[in-house]
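The figures here come from the full heavy-atom set of this structure, side chains too, leaving out hydrogens, waters and symmetry mates. Note that the structure is a prediction, hence the values are computed from the model and not measured.
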Amino acid sequence: MIGQSLNRVDGPLKVTGRATYAYEHWGADQPLYGSIVGATIGKGRITRIDTESAERAPGVHLVMTHLNAPVQGPRDESIPFEYWRAQPVLTSPDVHHYGEPVALVVAASFEQARAAADLVDVEYTDERGRFDFAAHEAEAYIPKEVNAGLATDTAVGDFDAGFAGAAVRVDQHYTTPYEFSMPMEPNACLVEPRGEDLVVHVSCQIVDAARASIANTLRIDPARIHIVVPFVGGGFGSKLGIHCETILAALAARTLRQPIKVALTRQQIFHLVGMRPTSSQRVRLGAARDGRLAAIAHDVTMHTNPDMEFAEQTAATTRSLYAAPHRLTSHRLTPLDLPRGADVRAPGEAPGLLAVESAMDELADALGMDPVELRIRNEPTVDPERDVPYSDRHLVDCLREGARRFGWEHRPATPASAREGRWLVGYGMSAAIRGHFQGPTAVRVRLEADGTAVVQTDMTDIGTGTYTILTQVAAAGLGLPPDRVRIELGRSEFPTSWGSGGSWGAANSCTAVHRACAALREKLLHAARGDTRSPLHGLDPADAVFSDGNVRINGASETLSEVVARNLPEGVEAAGETRFMGDEPNYAAYSINTYGAHFAEVGVDADTAEIRLRRMLGVFSVGRVLNPKTARSQLIGGMIWGAGAALEEEAVVDPRSGAFVNRDLAQYLVPVHADIPDVDAVVLEGYDDKANVLGAKGIGEVGICGSGAAVANAVFNATGIRVRDFPITIEKVLPGLPPMDT
């Protein structure tokens, strides 16, 4: 079963509307509805808040502000991971950023709550805030570490000497904007009080983090919190932790002793969920005339919130990618009075590769060298900064296969030299790398007396196909057809996992299921061999084969249901788990990553500078593929995301108030079908035995890594214009377009 393109087992539920998401749950009692009132200043203090009109409005049950909100637990920095910490709200009159909650209005209907929210009258003392990144970039400081516990700075060799002595040098700055995850399902929840307990239906990626965060905020025993999240309508990092709507709903539910529903509006998500920080990146490359790098440096400055630090690992992507004896990477943070930075799909690699792979294209142009050949010449034999071997690296294979499939030999050798009518045509490419991570995950696999297997874990399916791949691994592990396997996910009563995110979810959960099935097979064989009534009695278990719902040893066989019914009538179960990567010796002994190569063709209108993506191809090496159909979907989705980052995606801050001025999907542009005509993803066969026993690695994010740079490099090849301030828009290209022949 592993490696087959099995259709999604949850597909029928989703296409018929029977898959229930957080806000759609309905308990025994009629819920009340909450509407959040956000601050209309970016920095300051509430001097007066009048809730009387709102409290008298039809259907209103509660108006909660900092004056009457329950006491909450503090954000405990000793808890090592942000998403498990308390997330207190309405704790003081201070306003830290635009849109921060200043009140929650709870009413009998959504419409009544929203109407009453408009009646809350708030007066502020406005303070001077820091909202402009460029104006405050010089105030940057050095964080202790960056995301994922990685080192803030690294240095190998003598970069200054190596760069100064290089025959060809590139020294450029690239900027990337604020970006948001924006999943289809907004952040939403239903909180139901049941005695002293709370049942929380919430859209989240990590169940254990949600439970701990709510319990720490409410200062109650985590056992009192019951998280239910069978389906998530996309996350992309925005639901790794829970947000203010869930805390406010929980506070109101405990206060009123009634179920409460709260959902963020699309506009509120821009200010209340967190975003990819804006960045200023300096990339320096020094090479010999033959293209071999002597020195490489990647220095990044990005925004952070002064109260909740977040340092995206943007320069870390450069550490394992190319060989060079002299190396330097650094991260700096500029505190601004804006929402906190957060994990957004492929944190670090997505913005980092946009800069580094653009710089590599600039180096290729300066050398007059094919960009594919330049990358192949700088292929390392060991990790150049950690000095350990790679577990499984096929980047060169991706580059060569991608070039062959794409027709790279037809690339215009000279920028702005190829035209089709009024369209300037260009090709671009880039390399991709993404670290492979592992976190602790536990599962329970149970075989019922009727031969049905049930897999339980609090792992979430955020639309990536978790139900399907776990079905495949369990079916393979127990020799059952897929329809005899039932997957149960997303409940805090199930064994604990690190959920979905960071491209770790599939490998973690599938490895744990594989191990649980192995343990379950041992129990079944022990029962059958010790049973004198079994045809398998006394036979050598080393020869056992599980298939088609049977266990066979040489010529003898018995159905699993018979083994269980006769020996274990109550059913039998076993557990499996994975550990933190720091506890696995392979992660210290090897550099474990996924890889890819992106190729793009664009057309640029020579009169208007309109940019049209014509086609994209990605070729990837990700170890063993569990399900080619869902894997391809994940990779293509990432590639499209990268194209959007290159050409469209940008949140703009009003420097007077700290508000995002384009806070809806009409103005915060993301690709639509008309923007993406022809995208394909190819995965090379592979098996990384250093990653895990299945040989599989994460794929959810490597698709976005570098894909935007391939598009940007194609724009340069089409026009001869290098845009280093992303996204690449008409007004940045138009002034430099070559004149059309008359």
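- Between atom CG of residue D680 and atom CG of residue L635 there is a gap of 10.5 Å, rounded to the nearest 0.5 Å.
- At least one donor-acceptor pair under 3.5 Å links the side chain of N717 to the backbone N or O of P412.
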- Task: Check step by step if salt bridge (Lys or Arg N to Asp or Glu O under 4.0 Å) holds for R276 and D343.
- Result: CA-CA 7 Å; R276 193 192 304 281; D343 289 302; over 6 Å; no
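- Put simply, the residue from R284, R327, R332 that forms a salt bridge (charged side-chain N to carboxylate O under 4.0 Å, His left out) with D299 is R284.
- I611 places a side-chain heavy atom less than 4.5 Å from the side chain of V715.
- Side-chain contact, S500 with T460: a donor N or O sits under 3.5 Å from an acceptor N or O.
- W408 and F406 have tilted rings, their planes meeting at an angle from 30° to 60° on a 0 to 90° scale.
- For N593 and Y595, the side-chain atoms include at least one donor-acceptor pair closer than 3.5 Å.
- Under the 3.5 Å distance criterion, with hydrogens and angles disregarded, a donor-acceptor pair is assigned to the side chains of S503 and E701.
- With hydrogens and angles ignored, the 3.5 Å screen pairs a side-chain donor or acceptor of T608 with a backbone N or O of E610.
- When all heavy atoms are compared, the tightest approach of F437 to W504 is O-CB, 3.4 Å.
- The existence of a salt bridge linking R614 and E420 is confirmed by a sub-4.0 Å separation between a basic side-chain nitrogen and an acidic carboxylate oxygen.
- For T317 and E349, the side-chain atoms include no donor-acceptor pair closer than 3.5 Å.
- Distance check, rounded to the nearest 0.5 Å: CE of M182 to OG of S238 gives 8.0 Å.
- You'll find the ring centres of F270 and F180 inside the 6.0 Å limit.
- Not one N or O on the side chain of K239 forms a donor-acceptor pair closer than 3.5 Å with the backbone of N187.
- When only modelled atom types and interatomic distance are considered, Q267 and D664 share no side-chain donor-acceptor pair under 3.5 Å.
- In summary, the side chains of H298 and Q281 do present a donor paired with an acceptor at a separation below 3.5 Å, with no hydrogens or angles considered.
- Ring centers of Y98 and H271: under 6.0 Å apart, within the cut-off.
- Counting only residues at least two apart or in different chains, side chain to side chain donor-acceptor pair (under 3.5 Å) contacts with residues 352-364 comprise Y174-E362, Y322-E357, E357-R375, D361-R722, E362-R724.
- With 3.5 Å as the limit, one finds no donor-acceptor pair spanning the side chains of H673 and D675.
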- Give the C-alpha distance, both sets of side-chain angles, the deciding distance and a yes or no for side-chain hydrogen bond (donor to acceptor under 3.5 Å, both in side chains) between S279 and T314. CA-CA 9 Å; S279 76; T314 306; 5.8 Å; no
- Message: Before you tell me yes or no, could you show the steps for E401 and L684 under side-chain contact (heavy atoms from CB on, under 4.5 Å), namely the whole-Å CA-CA distance, both residues' side-chain angles and the distance that decides it to 0.1 Å?
- Response: CA-CA 9 Å; E401 181 65 11; L684 304 180; 4.2 Å; yes
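- One distance of note links CG of L617 with CG of D678; it measures 9.0 Å at 0.5 Å rounding.
- Between Y427 and F599, the ring center distance fails the sub-6.0 Å criterion.
- One N or O on the side chain of R292 and one on the backbone of R377 form a donor-acceptor pair closer than 3.5 Å.
- We find that D171 and R282 are joined by a salt bridge, their nearest charged nitrogen and carboxylate oxygen being less than 4.0 Å apart.
- Between R404 and E409 there is no salt bridge, since none of the side-chain N atoms of the basic residue sits less than 4.0 Å from a carboxylate O of the acidic one.
- Contact of the F163 side chain with the H326 side chain is not registered, since no non-hydrogen atoms from C-beta on lie closer than 4.5 Å.
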- Given salt bridge (Lys or Arg N to Asp or Glu O under 4.0 Å), test K732 with D725 step by step and report yes or no. CA-CA 9 Å; K732 298 173 186 176; D725 176 31; 3.3 Å; yes
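- Salt bridge annotation for R422-D607: absent, with no cationic side-chain nitrogen under 4.0 angstrom from a carboxylate oxygen.
- Counting only distance, with no hydrogens or angles, the side chain of T265 and the backbone of Q268 share a donor-acceptor pair below 3.5 Å.
- The closest side-chain donor-acceptor pair between T594 and R434, if any, does not fall under 3.5 angstrom.
- Among residue pairs with one or both ends in residues 635-654, those qualifying as salt bridge (charged side-chain N to carboxylate O under 4.0 Å, His left out) are D654-R656; sequence neighbours excluded.
- Residues I704 and A350 come closest through the heavy atom pair CD1-CB, 4.0 Å.
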- Message: Quick one, L613 with V711, criterion side-chain contact (heavy atoms from CB on, under 4.5 Å). Give me CA distance, side-chain angles, the key distance, then yes/no.
- Response: CA-CA 8 Å; L613 179 66; V711 176; 4.3 Å; yes
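- In this structure, A643 and S707 approach most closely via the heavy-atom pair N-OG, 4.3 Å.
- To the nearest 0.5 Å, atom CG of residue L399 and atom OG of residue S430 are 9.0 Å apart.
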- Message: I'd like to know whether V652 forms a side-chain contact (heavy atoms from CB on, under 4.5 Å) with F660, so could you lay out the CA-CA distance, the side-chain angles of the two residues, the decisive distance to 0.1 Å, and finally the verdict.
- Response: CA-CA 5 Å; V652 179; F660 289 106; over 6 Å; no
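- Contact of the V372 side chain with the M429 side chain is registered, since non-hydrogen atoms from C-beta on lie closer than 4.5 Å.
- No hydrogens or angles considered: a donor-acceptor pair under 3.5 Å links the side chains of H136 and E139.
- Here the OG1 atom belonging to T630 is positioned 7.5 Å from the CG atom belonging to L626, to the nearest 0.5 angstrom.
- A donor-acceptor contact shorter than 3.5 Å links the side chain of D461 to the backbone of T464.
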- Task: Apply salt bridge (Lys or Arg N to Asp or Glu O under 4.0 Å) to E601 and R411, showing your working.
- Result: CA-CA 9 Å; E601 178 185 340; R411 167 183 174 267; over 6 Å; no
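- Taking the six-membered ring where the residue is Trp, the centroids of Y178 and F133 are separated by 6.0 Å or more.
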- Can you check side-chain contact (heavy atoms from CB on, under 4.5 Å) on L424 and L737, steps first, answer last? CA-CA 10 Å; L424 301 166; L737 280 179; 3.9 Å; yes
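- Side chain of S330 to main chain of D153: no donor-acceptor pair is present (N/O by atom type, distance under 3.5 Å, no hydrogens or angles).
- At a threshold of 4.5 Å between non-hydrogen side-chain atoms, the residues L285 and R169 do not count as touching.
- Side-chain N/O atoms of T175 and S280 include no donor and acceptor closer than 3.5 Å.
- Using a 4.5 Å heavy-atom cutoff, the side chains of D383 and S320 are in contact.
- A donor-acceptor pair is defined here as one N or O able to donate and one able to accept, closer than 3.5 Å; such a pair exists between the side chain of H598 and the backbone of C705.
- With hydrogens and angles disregarded, a donor-acceptor distance shorter than 3.5 Å links the side chain of Q313 to the backbone of P347.
- Checked against a 6.0 Å centroid threshold, the rings of F131 and H303 do not count as neighbours.
- At least one donor-acceptor pair closer than 3.5 Å links the side chain of N305 to the backbone N or O of L338.
- Taking CD from E312 and CG from L150, the interatomic distance works out to 11.5 Å, rounded to the nearest 0.5 Å.
- Judged by distance alone, the side chains of H394 and S621 never bring a donor and an acceptor atom under 3.5 Å apart.
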